[in-house]
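The block underneath contains the structure these notes are about, expressed in structure tokens.
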Amino acid sequence: MPDLVQVQVLKGHEGQVWKARWNPAGDRVISCSGDKSIRLWSPEFPDSLINNNASLASNSLNWVCLLKLDHAHKRAVRSVSFEPTKGIVFASASFDGTCGIWDQNYSKEYECVTVLEGHENEVKGIDWSPSGNLLATCGRDKTIWVWEAIGDNEFECVGVLMEHTQDVKMLTWHPKEDILVSASYDDTIRIWKESEDEWYSSAVLSGHSSTVWAVDFDPTGNYIASCSEDSTVKIWSNKNSHKSEELEFHNDSDWECVLTIPAGAHSRAIYSLSWSHHFASPKLNSTLPDGSIVVENGYIATGGSDNDICIYKISSHLAPSSSITSQILTGPRNGLVDLSNYSLVKMEYQLVSKIRNAHDCCDINSVSWNPNPARANWLATSGDDDNVRIWHLSP
Amino acid sequence: MDFSSGVRLSQLNDFLLPEQDCIKPVTFKSKSQSKNSNSINVSQQGEYYEVSKEGEVSKLDEAQVNLADCLACSGCVTTAEAVLINLQSYEQILEKISSKKPDEIIVFTISPQTIASFSVKYNLSVSETKMYLSHYLKTCGVDYVFDLNFSRSVMQIEAAQEFINHKISGSTTPLISSWCPGVVCYAEKSQHNLVDCFSKVKSPMQIMGSFIKTRSSDSFMLFPAKNIYHVAVMPCFDKKLEASRPEFSSPGDPNSRLVDIVISTSELLSLFSKLNIDFSCSIPDSYPLASSQKNYPHSELDLFPHKSSHAGSAGGTLEFVLQAAAKSLYSLDIPISDLISPGNPNVEIKYTSRNKSKDYKEIIISDPNSSQKLVGVAVYGFRHLQTFIRKLKSKSCKHYDYVEVAACPGACANGGGQLKDITSVPSSDSKFKSQITNFTSLVESTYTDSDLSSLPSGDFQAISRQNLDLSLVPSDTNSDHVHPKYGTQLDHLVLNRESSEFKTFMYTKFHIVESDKDKLITSW
């Protein structure tokens, strides 16, 4: 049974830590807090961050605080996101209503090079698109702003999206395409796309009975996981996404909830969720006599107000499409599954690890898997105990 | 109700922090000096009565929040929506029509974008549309139907003068147009640095209100302001907010608005349908149709030369102001068409947003005799407005001289109050989306290619010789009314340019709304 082990407690923040997230290479963790500061952490020897248990024994896992940006904002810093292509510049979102773009100057010191204004009040979420071209922010004013990087750390507003009827808690980009997903206090998830230079809401996913706190794509971008105040986790799939080459994220009816992890493992609101990057493409587990297959989709980590961290192993049962050829019937090669030849029969979950009071008796505000597949076993979490914690999953 | 983005962004209903005080402080009339505590009874009709210790019963007024209160508050416009529906709906007009007294008149002002919208929807020519609108309104009991282009021309001439003075004074900040109420509302609440740059000339709708509600010997409008019910039909809902601004009350009668009620183009259609008027039916044969226009060469519709300027549905103020300034400052004669499409060596037209959107356009006029340049910029749509605001804050648009801003992408043909081609639109379906785009672009081209886009060809005198009734024929039902001669009124005003009367007539002011936000900031 996989086991989650705490490796390090990163102490320093003087207020609740709202978010801890990895840089794109997965060798640093950035955190932001109610103490208005942003901190950057790294193991003394980042090479020790590999996917095996031996690394846990290594003494080289001493983490240090590389950077402390006090007074980064006038109020709490709620979220941070690294620019994904180079992993140097990062963006911050604050309750002071502004977002900051931070870059290194000639002496490699970080400074705020751009302030993005526009939100009427608290900015809650910020995320950089995988291409690095787009930056999305959301907040209490119910709006989502999409900004395009136009060079020299300057940005142009390309959309202000107002369809959510309440506070927008968090947003995230599709791992490959310019498709945005947002979670709101209005209990819905919205999918946003661009068409003819205009951003629009292409689908609304309803099903949660209370605030949706967070959303995350699986590494393939075919599934969306969401977690809610209603203590459940849901996984959503686009019916067409396996069939057509281009993702047709068009209509509400194209979307269905394929899995609900009911309240139970978590007894209260789930604030954060992260889908691990173990498999860039689902990994074949077994082939059944009828030609259908079982694949592994990695792990989902969750954390929230019951102070527990849960790790779910996600797998799915896929049936071959009617047009399947005999070659495929012999089974996928290299353990890599071409999803376009299969359709989902059933998605399943298994609770593989649960850490009680992971941040002592405090809320867990964020959980975040390492985005680097070679370091996919590493998890960073943050909580109201003012700490960031680093965990390792032993599969 | 589809407000523009600028207005919608300013409306919040709070749920995390204590609700901002959205209700104005209730003022108590100290009727009774008695210190004794009173009790309040509720009648069966739900009315509240105060009963003093002495047994005296008096009815209590209901606390009321009106639109002006909402505008003055930094918080929500949400409350305003409900108020709007009560105060500015076409049902109000129906009521007014049915209860109209002999000494009252009802006046409609129709925006050119409204005419374009109806023209496309019913496949009528622009002049037919004007005639139909006028005819149907008059059969309902409306006394006058005016063309907003009259007062728009007045506004544009004054705006050009204001800009020329602004340049002559050596000011280094751009002058920003203020006729879009969505932008004004957003700026007053959230972008105070814009407010300082706003043009102070009233919007065309309010100048029309000034003409209609200012009682002067020249106006021949013998009715006091309160007896004139002025309805404006506009392409956008935000105009309802503008009409409610406290500064837009009639001179001498604070209880009468310059514009009593604003309805959107789509609400006008609802009004017609409530009155059982089917706009798709042709009007009776007895009514002089377009073919007989020549019988009315000096018809009330004759505004400026019936000529399209091809300027867009924002109204052409940017182009007109630039043309007038180039003439005045550089002695350059530049046809309006050269400011719309390239060709003139002294004019450069650039689309400077990342996607080269038509909604962020710079028009640069170079004086061949000096190194001086005039830079006019059109910024339409909320997101381009944000780009402009970023430039203004970072001082990277120092070279901008005149900026025309509008909250809606594509400006006013695309206003939230315009007619829709299809009744209900699933937002997620891209097929419907392109259908809407087609309808809107038809409205835009109908507007730009007709006299709806006409611009003043000269100064105030050229306008004052024109009449402004929308109809092609004098109203048959109201022949006993003396016709207003706003041209004469304008002549009189212009002769007294420095008078306070002129300033009140043409100019307005803006208010910075301080945010309650800072008061509520908690330690985190």
Side-chain angles (χ1 to χ4, degrees), chain A residues 15-16 18 33-36 74-78 95-97 114-122 133 140-143 145-151 154-163 165-167 185 190-191 193-204 249-254, chain B residues 2-17 20 74-76 78 186 189-191 193 352-360 381-391 393-394 396 407 409-410 426-431 433-434 437 515-518 520-524:
Chain A
Q16 64 207 128
W18 281 114
S33 159
D35 68 8
K36 305 169 193 167
K74 292 195 189 90
R75 291 180 62 194
V77 189
R78 180 64 181 83
F95 285 172
D96 68 12
T114 299
V115 176
L116 298 178
E117 290 177 79
H119 280 286
E120 288 284 296
N121 42 41
E122 288 88 333
N133 291 331
R140 206 188 65 157
D141 62 8
K142 307 171 201 168
T143 66
W145 292 55
V146 182
W147 301 85
E148 177 157 339
I150 54 174
E154 193 40 73
F155 290 79
E156 186 177 306
C157 173
V158 295
V160 182
L161 316 175
M162 303 186 171
E163 275 85 348
T165 57
Q166 296 290 355
D167 198 354
Y185 185 83
R190 276 183 186 265
I191 318 278
K193 289 185 75 177
E194 189 195 26
S195 157
E196 293 165 18
D197 192 31
E198 215 170 300
W199 283 88
Y200 67 99
S201 172
S202 75
V204 187
F249 282 22
H250 267 332
N251 235 312
D252 298 2
S253 56
D254 291 344
Chain B
D2 267 347
F3 287 106
S4 73
S5 310
V7 170
R8 268 186 290 163
L9 194 71
S10 301
Q11 57 176 300
L12 312 163
N13 50 1
D14 262 272
F15 42 87
L16 289 180
L17 291 179
Q20 292 168 340
S74 71
C76 55
T78 321
Y186 177 62
K189 293 192 176 188
S190 304
Q191 300 293 342
N193 53 338
T352 53
S353 79
R354 173 199 54 104
N355 287 331
K356 308 285 169 224
S357 164
K358 295 251 184 286
D359 283 348
Y360 200 111
F382 195 61
R383 66 148 145 138
H384 293 300
L385 180 63
Q386 294 304 322
T387 304
F388 169 61
I389 289 168
R390 285 191 67 72
K391 287 187 179 176
K393 279 183 181 163
S394 66
S396 63
S427 66
S428 50
D429 199 317
S430 50
K431 202 167 65 199
K433 202 169 159 256
S434 61
T437 316
S515 168
D516 287 346
K517 198 163 71 182
D518 300 334
L520 294 168
I521 288 181
T522 61
S523 58
W524 46 278

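None of these values were measured; they are calculated from a predicted model. Hydrogens, waters and symmetry mates play no part in the numbers below; they use all other heavy atoms, side chains included.
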- Note on the structure: All heavy atoms of A:Cys157 vs all of B:Gln386, minimum pair found to be CB-CB, 3.7 Å
- Query: So A:Trp147 and B:Arg390, side-chain contact (heavy atoms from CB on, under 4.5 Å) or not? Walk me through it.
  - Reply: CA-CA 12 Å; A:Trp147 301 85; B:Arg390 285 191 67 72; 3.5 Å; yes
- Query: Given that the side chain runs from C-beta out, which part of A:Thr114 has a heavy atom under 4.5 Å from chain B: side chain, backbone, both or neither?
  - Reply: side chain
- Message: Pair A:Glu117, B:Lys393 - check side-chain contact (heavy atoms from CB on, under 4.5 Å), show working.
- Response: CA-CA 10 Å; A:Glu117 290 177 79; B:Lys393 279 183 181 163; 3.4 Å; yes
- Portion of A:Glu154 that has a non-hydrogen atom of chain B nearer than 4.5 angstrom: side chain
- Item | B:Ser394, part contacting chain A, at a heavy-atom distance under 4.5 Å | neither
- Task: Take B:Phe382 and A:Met162, measure what side-chain contact (heavy atoms from CB on, under 4.5 Å) needs, and give me the verdict at the end.
- Result: CA-CA 11 Å; B:Phe382 195 61; A:Met162 303 186 171; 4.2 Å; yes
- Message: Tell me every residue that passes side-chain contact (heavy atoms from CB on, under 4.5 Å) with A:Asp197, counting only those two or more places apart in sequence or in another chain.
- Response: A:Glu194, B:Arg354, B:Asn355, B:Ser357, B:Arg383
- Message: Would you compute the distance between atom OG of B:Ser190 and atom NE2 of A:His119 and round it to the nearest 0.5 angstrom?
- Response: 12.5 Å
- Message: For a 4.5 angstrom cut-off between non-hydrogen side-chain atoms, does B:Tyr186 reach A:Glu120?
- Response: yes
- Item | Interatomic distance, B:Tyr360 atom OH to A:Glu156 atom CD [nearest 0.5 angstrom] | 8.0 Å
- Query: Side chain, backbone, both or neither: which part of A:Val146 has a heavy atom under 4.5 Å from chain B?
  - Reply: neither
- Task: Could you pull out all residues at least two apart from B:Lys356 that satisfy salt bridge (charged side-chain N to carboxylate O under 4.0 Å, His left out)?
- Result: none
- Query: Of the backbone (N, CA, C, O) and the side chain (C-beta and beyond), which part of B:Lys391 lies under 4.5 Å from a heavy atom of chain A, both, or neither?
  - Reply: neither
